[in-house]
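Everything below concerns the one structure shown next.
Lettering follows sequence order; numbering is per chain, from 1.
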Protein chains: 2
Amino acid sequence: MFAEYGVKGTTLQMIADRLEVTKAAVYYHFHTKDEIVRAVAQPLLEDIARVIRIADALPDPNSRREVAVSGFVELAVRHRGLSAIVQNDPAMSTLAKTHVELENAVVKLITLLDGPDADVAHHIGTSMIIGGVSGVVTDARLLDVPDELLHRVLLDYAQHLLNTPNLLSAVVKPSGSV
Amino acid sequence: MFAEYGVKGTTLQMIADRLEVTKAAVYYHFHTKDEIVRAVAQPLLEDIARVIRIADALPDPNSRREVAVSGFVELAVRHRGLSAIVQNDPAMSTLAKTHVELENAVVKLITLLDGPDADVAHHIGTSMIIGGVSGVVTDARLLDVPDELLHRVLLDYAQHLLNTPNLLSAVVKPSGSV
DNA sequence: GTCTATATAGGGATAGAC
DNA sequence: GTCTATCCCTATATAGAC
């Protein structure tokens, strides 16, 4: 429901109705709406933390990046709709301000995706991958595309974008600057 | 403000405060909040319509697709923050249900981006481009990247994604089915 | 064209019975 | 653990004076 209507657009009444209980019943389990948002987002955040842990354990910076990309695609597909919330919903940014661990996890993941010695060109590439993958994974038209197929295609795309740094550098840097 | 806080998260009070007038003054110019949203989105929608018109005038289907992609990148960069609203804000989907011309324009643009004889593979590619471009264009980290640079890099990326249909077909179709 | 004041509805959250 | 009932606040929107 958060993915479909947005966090703000999803009222406790709607949640209660969907569960066929009253608002008060919902409030027995969660004391605030924020708690519900965090509970919903938690599995994704845990997976992000897992990917970061795995990537960080690697000695080679470039391997770290590859693992991060692969891991990101994997968790985006696994959580489908959820990715868009964390990525796009303004309520999530608000939540990130008061919950540092959330903010840190996302920043860390982005840093890994940027790779070592990242310049503006890499930032754009990373942003393209994150936005593209999030977009695909939550596209209503692609709801019935099997996870496994989506995963393979996205991984291929992402790696494809990664493996063309020349393209980026050539465009970003003035000719002659190497 | 819609881009930063979401449509639902932006109250008329916030808008009035920003304009340094009262809520009632805002209501003199716009009778409903929806009207404001539509007024804000209109320049982008007009540009979408323009791109569709230009593309539709071309005889060759593949040229239509190229123009659509190029036009999409162009308008995404020109409107920056706005793209994300139209693309991601749930309030926009709600608005699209009651305003057919909006829905139609978006569907038409997506169809052009898909290209002729589009299969699932093309749909994923289109989705990746739309999501990726929208993501880049609204990335807070990239706010100070000049429009012109962003435009060139994104166009390069998008065309790059378009020109690798073999990659997609190879993954999607079982080997041997050509 | 902008203001003050207010109507009306809905949303988050709590109290207390069962 | 769930309910009814209610509080408080905020949001959209309107009325009517200036």
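Nucleotide dG1(D) holds its C1' atom 12 Å from the NE2 atom of His31(A), rounded to whole Å. Rounding to whole angstrom units, CD1 of residue Ile15(B) and C1' of dA11(D) are separated by 12 Å. Rounding to whole angstrom units, NZ of residue Lys8(B) and P of dT10(D) are separated by 17 Å. In this entry the distance linking CD of Glu35(A) with P of dA13(C) reads 10 Å, nearest Å. A straight line from CD of Glu20(B) to P of dC3(C) spans 11 Å, rounded to a whole angstrom. Following rounding to the nearest Å, Asp34(B) (CG) and dA11(D) (P) show an atom-to-atom distance of 17 Å.
When atom types are taken as modelled, the side chain of Ser70(B) and the backbone of Glu66(B) share no donor-acceptor pair closer than 3.5 angstrom. One N or O on the side chain of Asp89(B) and one on the backbone of Val7(B) form a donor-acceptor pair closer than 3.5 Å. Of the possible polar contacts, none joining the Lys8(A) side chain to the Thr10(B) backbone as a donor-acceptor pair under 3.5 Å is found. Here the side chain of Thr98(B) pairs a donor or acceptor atom with the backbone of Leu95(B) at under 3.5 angstrom.
Contacts of Thr22(B) with the nucleic acid, taken as non-hydrogen atoms under 4.0 Å apart, include base atoms.
Remark on DNA chain C: of its neighbouring residues Tyr27(A) and Tyr28(B), the 5'-side contact belongs to Tyr28(B), judged by nearest-heavy-atom nucleotide.
With hydrogens and angles ignored, a donor-acceptor pair under 3.5 angstrom links the side chain of Lys23(A) to the base of dG12(C).
Considering only the side chain of Lys33(A), dA13(C) comes nearest among dT2(D), dT2(C), dA13(C). Comparing dT12(D), dC3(C), dT2(D) by their closest approach to the side chain of Ala24(B) singles out dC3(C). The His29(A) side chain lies nearest to dT2(D) when the options are dT14(C), dT12(D), dT2(D). Comparing dA13(C), dT12(D), dG1(C) by their closest approach to the side chain of Leu12(B) singles out dT12(D).
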